[in-house]
Structure formats: C-alpha cells, structure tokens
Student: 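First the structure, which I've put down as structure tokens, then a few questions once you've had a look.
By convention in this document, chain letters (A, B, ...) are assigned in the order of the sequence lines, proteins followed by strands, and residues within each chain are numbered from 1.
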Amino acid sequence: MLQVAYIRENKETVLKGLAKRNLKNADELVEKTITADEERRSIQTQLDSILAESNKISKDIGQLFKSGERQKAEILKQKTVQLKEQSKILTENLQNKANELQELLYLIPNIPNEIVPAGSSEEDNLTVFEEGKVPVLYQGALPHWELAKKYDIIDFELGNKITGAGFPVYKGKGAKLQRALINYFLDKNSEAGYNEVQVPHLVNEASGIGTGQLPDKEGQMYHDAQDNLYLIPTAEVPVTNIFRDVILKEDEFPILKTAYTPCFRREAGSYGAHVRGLNRLHQFDKVEIVRVEHPTKSYEALDSMVNHVKEILRELNLPYRILRLCGGDIGFTSALTYDFEVFSTAQDRWLEISSVSNFETFQANRLKLRFKNSDGKTELAHTLNGSSLALPRVMAGLLENCQTPEGIKIPEVLVKYCGFEIIN
RNA sequence: GGAGAAAUGGCAGAGUGGUCGAAUGCGGCAGUCUUGAAAACUGUUGAGGGUCACACCUCCGGGGGUUCGAAUCCCUCUUUCUCCGCCA
C-alpha cells in the first residue's frame with residue numbers, strides 16, 4: 001500500500017508508474033484517493049476542534065466541583081450535550097471516510113522501479129541473464145510426469161484419491177530427493193547468512209493484509225471460515241509478518257530469514273497442458289528467503305539475493321535464465337521482480353522456479369514495519385523476498401534434464417543429501 | 001475441559017473517576033567531569049493524525065457501554081500466567 005502523503009505529493013510519479021502497469025482508470029483512482037484524503041482530513045480537523053472544546057469544558061467542570069460551585073458546573077454540563085451530538089456524527093463520518101480511503105488505497109499497486117521495462121504481458125519481460133548448457137537428451141526422453149510413473153517416485157493419481165488434483169504423493173526416492181533438496185536449499189541459505197525459522201502454516205487475516213495477499217488475492221488462498229484462518233500461499237506471509245507492528249533500531253539491519261514451508265494455492269482458473277504434472281500444484285514445497293532492509297540498501301540486497309539463487313542453480317547444473325518482469329507482468333506489491341526460469345528439455349519450455357522481488361515500502365506500510373533513523377525519526381523499512389527455491393519445478397527440471405537411458409543421475413551436490421546417485 | 005489471577009511506554013513497575021500520555025527504576029540518547037573509558041551528576045527519551053511551525057486531537061490488549069469527564073467503573077472478545085484434569 002502506498003502512503004497517502006506520497007500520492008498527494010507525487011501525483012505525477014504515481015500516475016506514470018501506474019501507466020507502466022497498464023492500470024486502467026488510474027487517473028480516476030488517484031483523483032478519488034486524493035479527494036477522499038482531503039475530505040478525511042477536513043472532517044478530522046472539525047472533529048478535533050469539537051473534542052478540544054469538550055475536553056476543556058470537562059476540565060472546567062472538574063475544577064468547579066472541586067471548589068464546590070455545583071450550580072455553575074451544572075450549567076456547563078448542558079453545553080456539552082450539543083457538542084456530544086456533533087462529535088458523534090463527525091466520528092461516524094470520519095470512520096466512513098477513512099474506510100473509503102483505505103479501500104481505495106488497497107486498489108493501487110506499487111510503483112514500478114525506473115528500470116522495469118514497459119510491456120503488457122510476459123512476452124515483454126526482459127531476459128537479463130542466461131547460463132547453463134541445455135543437455136542434448138537421448139532419443140525417447142520423457143517429460144517428468146512420465147518419468148515419475150516409470151520410476152514410481154511421484155504418484156498423481158494417489159494424491160487425487162486422497163485429496164484431489166494438484167496434491168501429488170512423493171514416493172521412495174522421489175520423497176527422498178524432495179527432502180534432500182529442501183535440506184540442501186536451507187543449508188545454502190544458512191551459509192549465506194539467512195537465519196532459519198519455522199513458522200505457522202496458517203495465518204490470520206491481519207497477516208494476509210500485511211503482506212498484501214488480502215484483500216487483493218482473497219480467492220487464491222484456502223480459507224478456514226470457522227476460525228477465519230488462511231493456509232499460506234508462501235512462507236513470505238508468516239515470515240514477513242514477524243515484523244508487523246515493529247519498530248527496528250537502525251543497527252538491526254540487515255535482517256535475513258529463510259524458511260521451508262508447504263504452500264497452498266487454489267489456482268482457480270488454471271487449466272490445460274501447461275499445468276500437467278508438477279507444473280502447477282495446489283500444494284507444493286518451497287524454501288523462501290526474506291529480507292528487511294534499510295531503504296538505501298534494498299537494491300543491493302536484491303542483487304545479492306539474485307546472485308545467491310544463481311549460485312544454487314549453477315551447483316545444480318541446471319540451464320536457466322533470469323527475466324526482469326515488465327510493468328504488465330510484475331506483481332501487485334512489487335517494485336522490481338526478477339524471475340528465474342529453468343529450461344526443461346523434455347517439455348521444451350521454460351519453467352518459473354524463483355521470483356525475487358523488492359517491495360520497497362509497499363508491504364512495510366501495511367505492516368507498520370519501521371525503523372528509527374539517525375535523526376531519531378521513524379521511517380518505513382524495505383522488505384524483499386524470493387524463492388530459494390520452489391521444489392516442484394526444480395524437481396521437474398532435474399528429472400527431465402538429468403535423465404539418461406540408465407536412469408536419472410542425481411547432481412553431485414545432492415548425492416550426500418539423498419544417499420543415492422541414480423534413480424532407476 | 002474446570003477454577004482463579006492478570007494484560008499500562010524498549011523493559012520492570014506504580015496508578016481504582018478530573019490537574020494522567022501516565023510516578024519511579026532500568027535501558028537508550030546528549031552533555032558535564034576525564035588523556036580516554038567507567039562511575040557520578042544534569043538534561044532528554046512512546047506512537048499516529050494535524051500544522052510552515054505551534055496549537056490541538058487520538059491511543060494504557062481488541063471492541064462496545066456508563067459519565068460533563070475513563071488507564072481507573074460495567075459488558076464482551078482475545079491473550080498470558082497459576083492450580084487441577086486430560087493428552088502427545
């Protein structure tokens with residue numbers, strides 16, 4: 001959520017940024033917001049002066065009672081009746097206007113960074129880096145869902161029976177490989193200075209709002225209506241919300257956290273060939289990295305996160321590329337996002353396996369995540385996060401790219417985590 | 001699940017209807033002293049709104065109520081602690 005004061009004072013910048021996102025009715029939205037803000041402040045001022053007056057009278061009454069002048073006190077009491085009426089009405093108006101303003105602010109996405117390319121869809125994303133050799137596979141190489149069946153390591157039908165589509169069961173070496181990857185990712189993240197945490201997999205409404213899933217992506221999360229809790233779509237939500245309503249000291253920066261969690265996504269409206277096998281699931285595992293940074297250091301941090309993910313992919317020996325998302329494809333809350341994609345030879349397509357973003361103050365404003373700066377003023381911090389990494393597509397990429405006629409060769413770095421070198 | 005107690009500023013902890021945004025201590029920051037540091041002393045130190053700046057307004061777990069006036073009284077929710085029971 002952008003700060004109203006920022007919108008008020010930087011209207012042109014905001015409009016320009018929203019234009020890059022191809023946001024329809026941006027002008028109207030911004031105008032309405034500014035008007036609602038003005039009205040809110042005007043009502044607030046009126047209310048404040050009425051409250052000031054009645055506070056004063058109350059104090060006077062106190063004095064009069066003390067000095068025994070009950071008669072005079074009774075007269076003053078009469079005066080407050082009218083003030084009370086007025087303040088009641090104004091309080092109600094203020095509440096309504098504040099809600100209206102809040103609703104409007106929820107509709108305005110983050111302002112993209114200068115270097116975010118213009119564009120309307122994923123076609124316009126900019127490839128900024130590419131690395132790794134695409135292996136030449138043997139005749140008869142299979143997509144991962146065939147491999148999963150052949151070696152009996154992932155069972156989609158069984159998951160379908162237990163729960164439904166998109167909830168696979170990992171079996172035998174498949175389960176072990178999955179666990180190996182999780183441990184490997186966590187270890188890599190820890191080595192890089194990320195502090196490991198285990199967090200709840202269900203979150204409350206305030207947390208969903210804090211990181212921006214609510215109210216924007218309400219329908220994407222599984223919701224337990226009985227207790228009003230949401231299954232997390234990513235560890236970003238519980239981990240970042242560690243810092244909700246927190247005022248940090250400046251020397252507490254930088255903050256680096258990593259967590260492994262399952263992720264739950266309803267993925268309403270996603271069907272077709274591209275969601276086969278592991279490509280799109282309702283439940284999947286992910287290791288996430290989250291950072292809270294000083295505003296002057298957040299882009300440096302973003303680069304460091306990108307480099308960190310690069311190193312992991314290098315070690316896994318996977319061919320990948322990095323995209324800078326364009327204005328039309330970048331997430332609602334993000335100012336700059338880099339997507340990592342692994343090339344799947346057997347599917348002949350790129351699979352998104354990581355998304356690394358800087359949210360600047362957008363989340364921090366919702367979270368009320370601030371720090372005391374060197375002038376002693378409170379200032380919003382910057383938040384960032386990225387996947388390091390999402391399991392299923394890494395798994396898909398590994399299975400497909402590492403397949404040989406003899407079986408699936410486990411990358412060197414994973415062998416000590418798996419305890420085996422080949423799936424056959 | 002049953003019984004009881006509690007929730008106040010970074011922390012500890014006072015405050016049971018007016019002069020309380022809140023004593024005191026610790027911590028933090030600044031200064032004096034010192035070659036420097038420690039100690040001691042002095043000052044300062046919550047958040048949000050509002051203003052050019054003041055004024056002013058709101059906030060004592062959340063919500064509601066009583067009252068001219070609520071940290072203080074009432075209702076309700078949440079959370080924590082203690083004891084008992086049950087269970088991993």
Side-chain angles (χ1 to χ4, degrees), chain A residues 1-10 33-105 198-210 214 224-230 238 241-253 255 292 361 363-381:
Chain A
M1 184 169 71
L2 296 176
Q3 296 171 89
V4 209
Y6 180 84
I7 297 175
R8 199 195 306 152
E9 285 154 26
N10 304 276
T33 305
I34 291 174
T35 307
D37 175 48
E38 269 166 15
E39 289 171 357
R40 201 221 90 224
R41 281 183 295 149
S42 146
I43 296 169
Q44 176 94 64
T45 310
Q46 292 173 53
L47 176 61
D48 282 359
S49 64
I50 283 173
L51 289 176
E53 197 176 338
S54 78
N55 283 346
K56 189 170 177 308
I57 291 173
S58 292
K59 271 184 190 163
D60 291 346
I61 291 173
Q63 287 299 330
L64 290 172
F65 269 116
K66 220 169 211 181
S67 55
E69 300 172 80
R70 300 190 70 93
Q71 290 276 313
K72 282 187 181 174
E74 289 302 327
I75 294 164
L76 274 184
K77 272 194 192 184
Q78 297 299 321
K79 278 179 77 175
T80 62
V81 176
Q82 200 188 2
L83 290 174
K84 264 189 129 176
E85 287 282 311
Q86 290 176 330
S87 78
K88 200 176 162 192
I89 294 164
L90 284 169
T91 303
E92 203 171 299
N93 290 350
L94 180 66
Q95 194 56 53
N96 290 338
K97 194 51 78 176
N99 289 344
E100 186 191 316
L101 177 63
Q102 188 61 253
E103 297 296 318
L104 286 165
L105 286 169
Q198 280 196 10
V199 289
H201 300 166
L202 279 89
V203 293
N204 57 30
E205 198 177 346
S207 292
I209 290 170
L214 295 174
D224 165 27
Q226 204 166 2
D227 293 313
N228 196 24
L229 295 173
Y230 294 83
N241 271 281
I242 291 173
F243 301 98
R244 173 152 48 85
D245 288 317
V246 165
I247 299 178
L248 297 162
K249 297 199 191 76
E250 206 166 19
D251 63 12
E252 288 180 82
F253 292 123
I255 292 170
V292 181
T361 60
Q363 287 184 330
N365 189 33
R366 286 198 185 187
L367 291 161
K368 295 200 180 66
L369 164 49
R370 294 157 295 175
F371 69 98
K372 275 243 185 297
N373 67 21
S374 44
D375 298 331
K377 298 258 183 252
T378 50
E379 193 180 329
L380 292 172

Student: Going by distance alone, is a donor N or O of one side chain under 3.5 Å from an acceptor N or O of the other, for A:E379 and A:N373?
Tutor: yes
Student: Quote, to the nearest angstrom, the C1' distance that separates B:U78 from B:C26.
Tutor: 30 Å
Student: Determine which nucleotide pairs with B:U34, using a 3.5 Å limit on both distances of a Watson-Crick or G-U wobble pair.
Tutor: none
Student: Working note: A:L229 + A:V203, criterion side chain to side chain contact (heavy atoms under 4.5 Å, CB included); need CA distance, chi angles, decisive distance, verdict.
Tutor: CA-CA 5 Å; A:L229 295 173; A:V203 293; over 6 Å; no
Student: Please report, rounded to the nearest Å, how far the P atom of B:G61 is from the CG atom of A:D245.
Tutor: 15 Å
Student: What distance, rounded to whole Å, do you find between the two C1' atoms, one in B:G9 and one in B:G28?
Tutor: 13 Å
Student: With side chain to side chain contact (heavy atoms under 4.5 Å, CB included) as the test, would you mind laying out the steps for A:L2 and A:N365 before giving the verdict?
Tutor: CA-CA 7 Å; A:L2 296 176; A:N365 189 33; 5.7 Å; no
Student: Between the protein and nucleotides 57-60 of chain B, list every N/O to N/O distance that falls short of 3.5 Å.
Tutor:
residue : atom : partner : partner atom : Å
B:C57   : OP1  : A:N55   : ND2          : 3.0
B:C57   : O2'  : A:D48   : OD1          : 2.8

Student: Could you state the CD-P distance from A:E205 to B:G63, rounded to the nearest angstrom?
Tutor: 15 Å
Student: When both hydrogen-bonding distances must be under 3.5 Å and the geometry is Watson-Crick or G-U wobble, what is B:A88 paired with, if anything?
Tutor: none
Student: Would you say B:A47 has OP1 or OP2 under 4.0 Å from some side-chain N or O of A:K372?
Tutor: yes
Student: So which nucleotide does B:A39 pair with, by the Watson-Crick or G-U wobble rule with both distances under 3.5 Å?
Tutor: none
Student: What distance separates A:K372 NZ from A:E250 CD, expressed to the nearest 0.5 Å?
Tutor: 11.0 Å
Student: Rounding to an integer number of angstrom, what distance separates B:G46 and B:C11 when you compare their C1' atoms?
Tutor: 13 Å
Student: Which of residues 76-87 of chain A sit near RNA chain B, with a heavy atom under 4.0 Å from it?
Tutor: A:K77, A:T80, A:K84
Student: Give the intermediate values and the outcome of side chain to side chain contact (heavy atoms under 4.5 Å, CB included) for residues A:E38 and A:I34.
Tutor: CA-CA 6 Å; A:E38 269 166 15; A:I34 291 174; 3.9 Å; yes
Student: Could you check whether any side-chain heavy atom of A:Q44 comes within less than 4.5 Å of a side-chain heavy atom of A:L94, counting everything from C-beta outward?
Tutor: yes
Student: Please give, in whole Å, the distance from B:G69 P to A:L64 CG?
Tutor: 15 Å
Student: Can you tell me the distance, in whole Å, between the CG atom of A:D251 and the P atom of B:G28?
Tutor: 12 Å
Student: When you compare B:C86 with B:U79, how far apart are their C1' atoms, in angstrom units rounded to a whole number?
Tutor: 22 Å
Student: Sequence neighbours excluded and cut-off under 3.5 Å, please list the side-chain donor-acceptor pairs for residues 76-89 of chain A, or say none.
Tutor:
residue : atom : partner : partner atom : Å
A:T80   : OG1  : A:K77   : O            : 2.6
A:S87   : OG   : A:K84   : O            : 3.2

Student: Let's test this: given Watson-Crick or G-U wobble pairing with both distances under 3.5 Å, identify the partner of B:G18.
Tutor: B:C68
Student: Please round to the nearest 0.5 Å and tell me the distance separating atom OH of A:Y230 and atom CG of A:L214.
Tutor: 4.5 Å
Student: Does the side chain of A:E205 come under 3.5 Å of the side chain of A:N228 through a donor N or O and an acceptor N or O?
Tutor: yes
Student: C1' atom, B:G85 versus B:G10: distance in rounded Å?
Tutor: 39 Å
Student: Just to be sure I understand the geometry, which residues of residues 95-103 of chain A put a non-hydrogen atom under 4.0 Å away from RNA chain B?
Tutor: none
Student: Answer yes or no: is there a donor N or O on one side and an acceptor on the other, between the side chain of A:D37 and the main chain of A:V4, under 3.5 Å?
Tutor: no
Student: Can you list everything that forms a ring-ring contact (aromatic ring centres under 6.0 Å, His included) with A:F253? Sequence neighbours excluded, please.
Tutor: A:H294, A:F371
Student: Report the distance from atom CG of A:L248 to atom P of B:A47, rounded to the nearest whole Å.
Tutor: 14 Å
Student: Would you say the side-chain atoms of A:N55 and A:S58 include a donor-acceptor pair closer than 3.5 Å?
Tutor: no
Student: Using whole Å, report how far NZ of A:K377 lies from P of B:C29.
Tutor: 18 Å
Student: Please name the nucleotide paired to B:A7 by Watson-Crick or G-U wobble geometry with both distances under 3.5 Å, or report none.
Tutor: B:U78
Student: Considering only atom P, compute the distance from B:A6 to B:G13 and round it to an integer number of Å.
Tutor: 14 Å
Student: Would you say A:L101 and A:N99 make side-chain contact, with heavy atoms under 4.5 Å?
Tutor: no
Student: Sort out the partner of B:C52 for me: Watson-Crick or G-U wobble, both distances under 3.5 Å, none otherwise.
Tutor: none
Student: Has the side chain of A:N10 got a donor or acceptor atom that lies under 3.5 Å from a matching backbone atom of A:Y6?
Tutor: yes
Student: For B:G69, does either OP1 or OP2 sit under 4.0 Å from a side-chain N or O belonging to A:S54?
Tutor: no
Student: Rounded off to whole Å, could you give me the CG-to-P distance for the A:L94 and B:G49 pair?
Tutor: 14 Å
Student: Starting at NZ of A:K88 and ending at C1' of B:U66, how long is that distance when rounded to a whole Å?
Tutor: 14 Å
Student: Is there a residue in residues 36-43 of chain A whose heavy atoms reach under 4.0 Å of RNA chain B, and which residues are they?
Tutor: A:R40, A:R41
Student: Please measure how far the P atom in B:A3 lies from the corresponding atom in B:C56, and state the result in whole Å.
Tutor: 49 Å
Student: Give, for atom NZ of A:K97 and atom CD of A:E39, the distance between the pair rounded to the nearest 0.5 Å.
Tutor: 3.5 Å
Student: Sticking with atom P, work out how far B:U8 lies from B:U80, rounded to a whole angstrom.
Tutor: 14 Å
Student: Walk me through whether A:L369 and A:I247 qualify under side chain to side chain contact (heavy atoms under 4.5 Å, CB included).
Tutor: CA-CA 6 Å; A:L369 164 49; A:I247 299 178; over 6 Å; no
Student: In the strands shown, is B:G46 matched to any nucleotide by a Watson-Crick or G-U wobble pair with both distances under 3.5 Å, and which?
Tutor: B:C59
